[in-house]
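Reviewing the structure listed below.
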Number of protein chains: 2
Amino acid sequence: MDEQLRLENQLCFPLYACARKITSLYTPMFKPLGLTYTQYIVFLALWEHDNVPVSDLCHRLYLDSGTLTPLLKKMEQEGYLTRTRSKEDERVVNIRLTEKGIALKDQVQDIPMQVGNCIRLSPEEAFTLHTLLYKVLEQEEAYGG
Amino acid sequence: MDEQLRLENQLCFPLYACARKITSLYTPMFKPLGLTYTQYIVFLALWEHDNVPVSDLCHRLYLDSGTLTPLLKKMEQEGYLTRTRSKEDERVVNIRLTEKGIALKDQVQDIPMQVGNCIRLSPEEAFTLHTLLYKVLEQEEAYGG
DNA sequence: GGTATTTATATTGTGTACAATTTAATTGTA
DNA sequence: TACAATTAAATTGTACACAATATAAATACC
């Protein structure tokens with residue numbers, strides 16, 4: 001009885017625990033660079049599309065301004081990016097990487113592979129997992145996906 | 001180039017985003033009960049195995065004492081459980097649900113199903129996702145799995 | 001039996017997450 | 001063109017997570 005309340009039968013719990021486990025695999029690799037996982041994904045987003053409003057980062061990272069604003073301010077202080085109010089729309093703040101921010105890319109190139117090597121999934125399993133996660137993530141309800 | 005640094009090619013990112021999305025589906029259902037997601041999984045663990053040391057909860061939930069100690073103290077204050085030093089080993093603190101904590105189970109019975117209905121995966125897909133997540137989670141490196 | 005080591009929690013400090021609210025700018029509309 | 005509604009960020013407040021350290025009890029070992 002109560003099978004639906006068994007920890008092992010939840011989908012939410014392994015997701016929650018697994019996400020934290022993977023993040024913890026990255027943490028020691030970021031430490032020498034003085035980065036955190038959240039800062040890393042902000043960089044990943046910006047290395048792909050730079051000079052974008054805060055709202056663009058919010059959408060792509062599924063994070064809100066309450067999380068990103070202080071993070072971006074800190075990254076600005078550390079010289080990785082600039083925050084500039086848009087001339088066309090004064091409500092908008094544009095984020096642009098500095099040379100230092102762009103250069104950081106070279107230093108993290110092989111980190112995804114190192115973490116990947118710690119995860120014992122076959123390429124097929126990793127692909128399946130990736131596909132299923134995006135299927136859940138891109139459902140219409142939340143974040144206007 | 002730089003395919004390995006594209007946000008979309010990471011496994012960590014959809015995991016991280018998906019975990020937060022699922023948690024956010026639970027939050028409004030917990031609100032009338034005054035619960036948080038983390039408290040919920042502590043209850044799930046205790047409804048299965050009650051009267052256990054803090055270390056047992058740490059292992060089952062993949063959380064450390066820095067997270068659980070303040071959480072358990074708060075849940076104790078709210079009358080959901082008791083924290084008692086073991087007589088046999090004074091280092092150990094045993095956690096036991098009160099009647100109030102046990103009774104809460106009735107009020108959350110259908111929440112997993114409601115959340116499940118929000119996730120557009122077939123039973124087979126959900127099973128596959130569950131299996132792959134546990135495969136990653138139960139690898140030997142971390143948490144003594 | 002006394003001391004070093006290990007173990008179980010607790011504490012401290014830092015960094016997210018996010019709900020709710022605020023502020024300021026822009027847009028829609030009578 | 002005033003004025004309401006909307007939008008983009010920022011702010012405030014609460015709740016985790018977790019690394020690092022501290023504390024105290026138990027065990028190991030000489």
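Values reported hereafter were calculated over all heavy atoms of this structure, with side chains retained and with hydrogens, waters and symmetry mates removed. Convention: sequence-line order gives letters A, B, ...; per-chain numbering from 1. Everything numeric in this text was worked out from a predicted model, so none of it was measured.
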Test salt bridge (Lys or Arg N to Asp or Glu O under 4.0 Å) applied to A:Glu78 - qualifying residues, sequence neighbours left out: none

Interatomic distance, B:Lys74 NZ vs C:dA10 C1' [rounded to whole Å]: 18 Å

Of all pairs that satisfy ring pair (Phe, Tyr, Trp, His ring centres under 6.0 Å), the ones with a partner from residues 81-115 of chain B, not counting sequence neighbours: none

Residues forming a salt bridge (Lys or Arg N to Asp or Glu O under 4.0 Å) with A:Arg96, sequence neighbours excluded: none

Whichever of A:Leu72 and A:Tyr16 has its nearest DNA chain D nucleotide further upstream toward 5': A:Leu72

4.5 Å side-chain heavy-atom contact, B:Gln4 and B:Asn9: no

Residue pairs involving residues 86-130 of chain B (criterion ring pair (Phe, Tyr, Trp, His ring centres under 6.0 Å); sequence neighbours excluded): B:His130-B:Tyr134

Pairs satisfying ring pair (Phe, Tyr, Trp, His ring centres under 6.0 Å), at least one member in residues 64-120 of chain A, at least two apart: A:Phe43-A:Tyr80

Contacts of B:Ser65 that satisfy side chain to side chain contact (heavy atoms under 4.5 Å, CB included) - sequence neighbours left out: B:Thr69

Close side-chain approach of A:Leu104 to A:Leu97, heavy-atom, < 4.5 Å: no

Sugar-phosphate only, base, or nothing, as touched by B:Pro70 at under 4.0 Å among non-hydrogen atoms: nothing

Parallel, tilted or perpendicular: ring planes of B:Tyr37 versus A:Tyr16, cut at 30 and 60 degrees: perpendicular

Nucleic acid contacts of residues 40-47 of chain B, taken as heavy-atom distances under 4.0 Å to DNA chain C: none

Below 4.0 Å: OP1/OP2 of C:dA17 and any side-chain N or O of A:Thr67: no

Residues A:Glu76, A:Arg83: salt bridge by 4.0 Å N-O rule: yes

Side-chain N or O of A:Ser55 closer than 4.0 Å to phosphate OP1/OP2 of D:dA9: yes

Nearest-angstrom distance from the residue atom CG of B:Asp56 to P of C:dT9: 10 Å

Protein-nucleotide distance (B:Leu35, atom CG; D:dC16, atom C1'), rounded to Å: 15 Å

Separation of C:dG15 P from A:Met75 CE (nearest whole Å): 13 Å

Between C1' of D:dA10 and CD of A:Glu76, the distance in whole Å: 14 Å

Pairs touching residues 84-118 of chain A that satisfy ring pair (Phe, Tyr, Trp, His ring centres under 6.0 Å), sequence neighbours left out: none

Short side-chain N/O contact from B:Gln39 to OP1 or OP2 of D:dA15, under 4.0 Å: no

Using a cut-off of under 3.5 Å, enumerate the N/O to N/O pairs linking the protein to nucleotides 20-22 of chain D.
unit_1 : atom_1 : unit_2  : atom_2 : d
D:dA20 : OP1    : A:Lys31 : NZ     : 2.7

The helix from C:dG1-D:dC30 to C:dA30-D:dT1: angle between end helix axes, five pairs per end, rounded to 10 degrees: 10°

Protein-nucleotide distance (B:Leu68, atom CG; C:dT11, atom C1'), rounded to Å: 15 Å

Phosphate OP1/OP2 of C:dA8 contacted by B:Arg85 side-chain N/O (<4.0 Å): no

5′-ward residue of the pair B:Val93/A:Thr36 relative to DNA chain C: B:Val93

Under 4.0 angstrom between A:Thr38 side-chain N/O and C:dA17 OP1 or OP2: yes

Pairs involving residues 46-57 of chain A, ordered by first then second residue, that meet side chain to side chain donor-acceptor pair (under 3.5 Å) (sequence neighbours left out): A:Asp56-A:Arg60

Any side-chain heavy-atom pair of A:Arg20 and B:Tyr62 under 4.5 Å: yes

Point-to-point distance, once rounded to the nearest 0.5 Å, from CG of A:Leu46 to CG of B:Leu7: 10.0 Å

Residue of the set A:Thr38, A:Leu44, A:Val42 for which side-chain contact (heavy atoms from CB on, under 4.5 Å) holds with A:Leu61: A:Val42

Value in whole Å for how far the C1' atom of C:dA17 lies from OH of A:Tyr37: 14 Å

Protein-nucleotide distance (B:Leu57, atom CG; C:dA8, atom C1'), rounded to Å: 13 Å

Would you list the protein and nucleotides 24-26 of chain C atom pairs, both N or O, that sit under 3.5 Å from each other?
unit_1 : atom_1 : unit_2  : atom_2 : d
C:dT26 : OP1    : A:Glu90 : N      : 3.1

